[in-house]
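Each chain gets a letter, A, B and so on, in the order its sequence line appears, and its residues count up from 1. Treat the numbers as computed from the prediction; the structure is a model and nothing was measured. As a basis for the values below, the full set of heavy atoms in this structure was taken, side chains included, without hydrogen atoms, waters or symmetry mates.
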2 protein chains.
Amino acid sequence: MITIYDVAKKAGVSPSTVSRVLNKHDNVREETKKRVEQACRELNYVPNANASSLRKKNTKTLALIVPEIKNPFFTSILEGFEGRTGKSGYITLICNTNENSKKEKDFIKTIIAKRIDGVAISTVSKSSSHLQAVINRDIPVVLLDRDIDDLDVDVVCGDSYQGAVDLVNHLIGLGHRRIAIITGPVHLSTSRERVEGYKQALNNANISIDNNLIKIDKKSEGFSSKRAYEMAKELLELPELPSAIFVGNNFMAIKVYQALIEENLKVPDDIAIVCFDDLNFMYEIEPFFTTMRQPAFTMGKMAAEILVNKIEGKYENNKQKVKLQPELVIRKSCGAYKNNVGRKGCREE
Amino acid sequence: MITIYDVAKKAGVSPSTVSRVLNKHDNVREETKKRVEQACRELNYVPNANASSLRKKNTKTLALIVPEIKNPFFTSILEGFEGRTGKSGYITLICNTNENSKKEKDFIKTIIAKRIDGVAISTVSKSSSHLQAVINRDIPVVLLDRDIDDLDVDVVCGDSYQGAVDLVNHLIGLGHRRIAIITGPVHLSTSRERVEGYKQALNNANISIDNNLIKIDKKSEGFSSKRAYEMAKELLELPELPSAIFVGNNFMAIKVYQALIEENLKVPDDIAIVCFDDLNFMYEIEPFFTTMRQPAFTMGKMAAEILVNKIEGKYENNKQKVKLQPELVIRKSCGAYKNNVGRKGCREE
DNA sequence: GAAAAATATGAAACCGATTTTACAATTATT
DNA sequence: AATAATTGTAAAATCGGTTTCATATTTTTC
């Protein structure tokens with residue numbers, strides 16, 4: 001393997017001079033620079049990033065930890081993230097935890113070991129000690145999508161509480177009174193806040209809360225569409241069915257929908273479904289689920305922006321808590337496809 | 001930052017002994033080992049992977065370069081890949097090129113610089129010199145999904161030619177004679193072979209080839225659904241419409257479908273659509289496109305298997321060319337939903 | 001034209017691990 | 001008990017860059 005010494009020898013200079021040329025330091029004579037660059041080209045020299053990182057104490061690499069890379073919500077986040085970090089010359093280490101906290105902790109270990117420059121994470125974990133360990137090592141961390149209270153870090157997430165209120169309000173506005181919720185475990189801030197918003201909206205409308213209609217996944221670590229399916233089936237065994245179901249996220253909604261179909265229930269005629277997050281590509285042609293769409297791309301971009309700025313020391317030490325507003329997208333699954341267009345904050349698809 | 005020297009000092013041993021303990025070398029007294037481990041724990045020591053890589057000349061990291069991470073076909077590949085490599089202690093650097101050869105080349109540069117241990121790639125590039133550069137550096141490379149003729153490497157891909165023949169045969173079997181094709185640029189082996197299979201199937205059935213019905217994207221570097229939409233619109237301006245369209249991949253099919261809908265054409269009644277690759281999650285409940293499904297997960301897994309074995313020196317130097325057979329999945333978009341079940345190699349969904 | 005300042009470059013130290021070499025301590029062999 | 005073999009550990013070299021420090025050379029200043 002060609003090293004900087006080989007280049008130096010070929011160009012008739014010292015390794016330090018080669019390094020200076022490579023890192024665009026000043027005080028290198030134009031003619032020397034040309035010679036070095038020539039030698040680099042002739043030898044196909046590619047500097048060893050590990051050696052460079054060791055000395056420079058940076059890796060020009062950021063980690064993005066997501067719970068489910070298959071979910072378009074997270075690929076949109078990724079797009080926004082990579083778009084921004086790429087511009088500053090960072091590459092992204094995408095870590096897909098599959099909603100598994102063990103995997104998340106393993107990734108964190110790797111990230112620390114590799115001396116990654118910064119981490120954006122949508123966590124699945126109940127505890128935050130592994131993240132605290134990252135912070136303790138002065139590696140910038142941004143919580144993305146999912147917040148953790150007891151951690152003093154920057155946060156970029158959607159307003160799940162308000163989104164849930166609005167979504168349930170929409171159902172109430174359509175005449176629904178018996179509204180169920182199926183969502184993930186409440187140690188995830190998104191899930192927890194959606195439950196809170198759900199309850200708040202019912203309270204506001206003087207609809208009493210029926211605990212039979214609240215299905216919160218207590219078995220999984222993260223959002224699980226498999227569990228959503230099971231919880232939907234449980235719900236359908238009730239003597240009195242709900243007229244609408246608010247589902248915690250897009251993938252869970254698909255499985256809830258499947259459960260309903262299997263029981264010969266029509267959506268939205270028999271039961272309406274609304275959920276959080278979009279399914280993107282599929283719904284470009286056949287939009288179906290009425291959903292609270294979060295600005296995923298922007299979320300990723302903002303997280304990246306914060307990380308890059310923190311790394312490059314452009315920020316003070318104060319922490320940012322960005323809360324982005326989701327947008328109600330009315331489609332067919334709530335039975336209100338044409339009825340509601342024009343209402344404040346709503347758009348038709 | 002805690003280094004191996006801090007640990008050594010705390011444990012009252014030399015750095016070399018700490019290293020031996022960490023790397024599970026023998027010839028360390030049990031009692032010494034305990035002391036070192038204790039010191040590591042107390043100091044929260046995490047070895048610097050860059051330093052380790054520099055010396056050991058490996059990174060325990062593999063790159064997977066995909067053209068479109070949003071496409072479920074590639075996330076399935078990813079799943080298979082990571083599942084296998086994770087077992088051997090490798091982590092995956094996912095590189096999403098977005099069908100952009102410039103990005104691909106940049107990733108390759110980074111991969112070389114970071115001294116990644118191996119690369120699996122689904123390339124978008126016409127030329128192969130950047131990949132040759134990887135090979136020249138003795139970094140194992142596996143071509144995934146898309147083959148390149150003039151490169152002497154291992155390959156794992158699907159049988160696009162045979163798949164296309166079967167898919168078009170299916171259409172012919174349903175009575176279609178005027179069959180169009182919309183696909184990506186032919187410098188991609190998958191696209192090229194699908195065109196070849198298409199032509200072959202028509203030839204076999206004595207159907208003359210009408211070049212007006214062949215829409216091959218010449219403007220893009222990779223599969224582009226935007227272009228698929230445009231090409232579909234072009235097709236629909238023909239005086240005589242096709243009765244069926246064979247689309248190069250899943251995402252293109254969505255856009256072709258959209259184009260048809262916009263022209264008030266019903267699928268499959270007015271025009272049938274078939275394509276390659278599946279859309280997974282959405283189609284678990286509402287399968288629509290009749291498709292040639294490739295074993296994406298297996299493809300990823302096999303690529304990983306080959307890479308790991310090559311790195312660990314378990315293979316001879318002979319190159320493997322794995323060609324996996326796709327499976328015809330008959331659904332609604334070809335208008336043959338119930339008609340064909342039971343035919344050889346077909347399954348209903 | 002001499003002194004001061006600026007520019008250009010090389011030698012050596014350094015980043016933090018691993019590995020080789022050397023040697024001391026222990027155990028086995030005769 | 002003397003010697004050989006084995007085991008356990010430390011010192012030093014190494015991986016391939018970057019950076020500091022020192023120095024030679026050139027340019028500027030008066």
Side-chain angles (χ1 to χ4, degrees), chain A residues 1-37 39-40 43-61 109-110 112-117 137-139, chain B residues 1-37 39-40 43-61 89 109-117 137-139:
Chain A
M1 190 59 67
I2 305 294
T3 73
I4 200 168
Y5 295 92
D6 303 314
V7 176
K9 190 183 247 178
K10 178 144 203 156
V13 296
S14 75
S16 16
T17 299
V18 177
S19 178
R20 281 188 201 101
V21 172
L22 262 39
N23 293 282
K24 306 193 194 308
H25 289 182
D26 40 7
N27 293 345
V28 179
R29 223 192 326 160
E30 190 58 29
E31 188 260 325
T32 315
K33 192 178 150 200
K34 286 255 163 62
R35 253 187 14 253
V36 169
E37 286 168 342
C40 285
L43 295 171
N44 278 316
Y45 172 62
V46 178
N48 184 324
N50 299 125
S52 169
S53 293
L54 178 59
R55 183 65 229 244
K56 281 182 158 172
K57 293 177 179 297
N58 70 33
T59 49
K60 281 294 190 177
T61 306
K109 248 263 170 88
T110 306
I112 293 175
K114 282 182 175 279
R115 304 299 194 257
I116 299 294
D117 296 341
R137 284 180 158 80
D138 286 320
I139 300 174
Chain B
M1 190 58 67
I2 306 294
T3 73
I4 201 168
Y5 295 91
D6 304 313
V7 175
K9 190 183 244 180
K10 177 140 201 160
V13 296
S14 76
S16 19
T17 299
V18 177
S19 177
R20 281 184 207 105
V21 172
L22 261 40
N23 293 283
K24 305 195 194 311
H25 289 182
D26 40 6
N27 291 346
V28 180
R29 226 192 321 163
E30 190 60 29
E31 187 258 326
T32 314
K33 192 179 149 200
K34 285 255 164 60
R35 256 190 5 257
V36 169
E37 286 168 343
C40 286
L43 295 171
N44 278 316
Y45 172 64
V46 178
N48 184 323
N50 298 125
S52 170
S53 293
L54 178 58
R55 184 65 231 243
K56 280 181 159 173
K57 292 176 180 299
N58 70 32
T59 50
K60 280 294 190 178
T61 306
K109 236 318 165 45
T110 306
I111 285 164
I112 292 175
K114 282 182 175 281
R115 304 299 193 257
I116 299 294
D117 295 340
R137 285 180 157 80
D138 284 321
I139 300 173

* To do: For nucleotides 17-29 of chain D, just jot down a letter per nucleotide in 5' to 3' order: B, S or -, based on protein non-hydrogen atoms under 4.0 Å.
  => BBBB---------
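Distance, A:R35 CZ to C:dA8 C1': 12 Å, rounded to whole Å. B:K24 has its NZ atom 15 Å from the P atom of C:dT19, to the nearest Å. Taking atom NZ of residue B:K57 and atom P of nucleotide C:dT20, one finds them 13 Å apart after rounding to whole Å. Distance A:N50 CG to C:dT18 C1': 14 Å, rounded to the nearest Å. Rounded to a whole Å, the CG atom of B:N27 is 8 Å from the C1' atom of D:dT6. Between A:E31 atom CD and C:dT9 atom C1' there is a gap of 13 Å when expressed in whole angstrom units.
For the pair B:R29 and D:dT7, the criterion of a side-chain N or O lying under 4.0 Å from OP1 or OP2 is not met.
Scanning both residues, B:L54 and A:N48, for their nearest heavy atoms gives CD1-ND2, 4.0 Å. Nearest approach of B:K109 to A:V46, heavy atoms of both residues: O-CG1, 4.3 Å. Heavy atoms only, all atoms of each residue included: A:V36 and A:A11 are closest at CA-CB, 4.0 Å. Nearest approach of A:R115 to A:T59, heavy atoms of both residues: O-OG1, 3.0 Å. Nearest approach of B:T3 to B:Y45, heavy atoms of both residues: C-CE1, 3.6 Å.
Taking CD1 of B:I116 as the reference point, atom CG of B:N58 lies at 11.0 Å (rounded to 0.5 Å). Going from atom OG1 of B:T61 over to atom NZ of B:K114 covers 8.5 Å, rounded to the nearest 0.5 Å.
Looking at heavy-atom distances under 4.0 Å, A:T32 makes contact with sugar-phosphate atoms alone, never a base.
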* To do: With side-chain contact (heavy atoms from CB on, under 4.5 Å) as the test, would you mind laying out the steps for A:K56 and A:N23 before giving the verdict?
  => CA-CA 11 Å; A:K56 281 182 158 172; A:N23 293 282; 2.9 Å; yes
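The bend of the helix from C:dG1-D:dC30 to C:dT30-D:dA1, defined by the angle between the axes of its first five and last five pairs, stands at 30° to the nearest 10°.
Closest to the side chain of B:L54, out of C:dT9, C:dG10, C:dG16, is C:dG16.
Taking B:K33 as the reference, nothing meets the salt bridge (Lys or Arg N to Asp or Glu O under 4.0 Å) condition, with sequence neighbours excluded.
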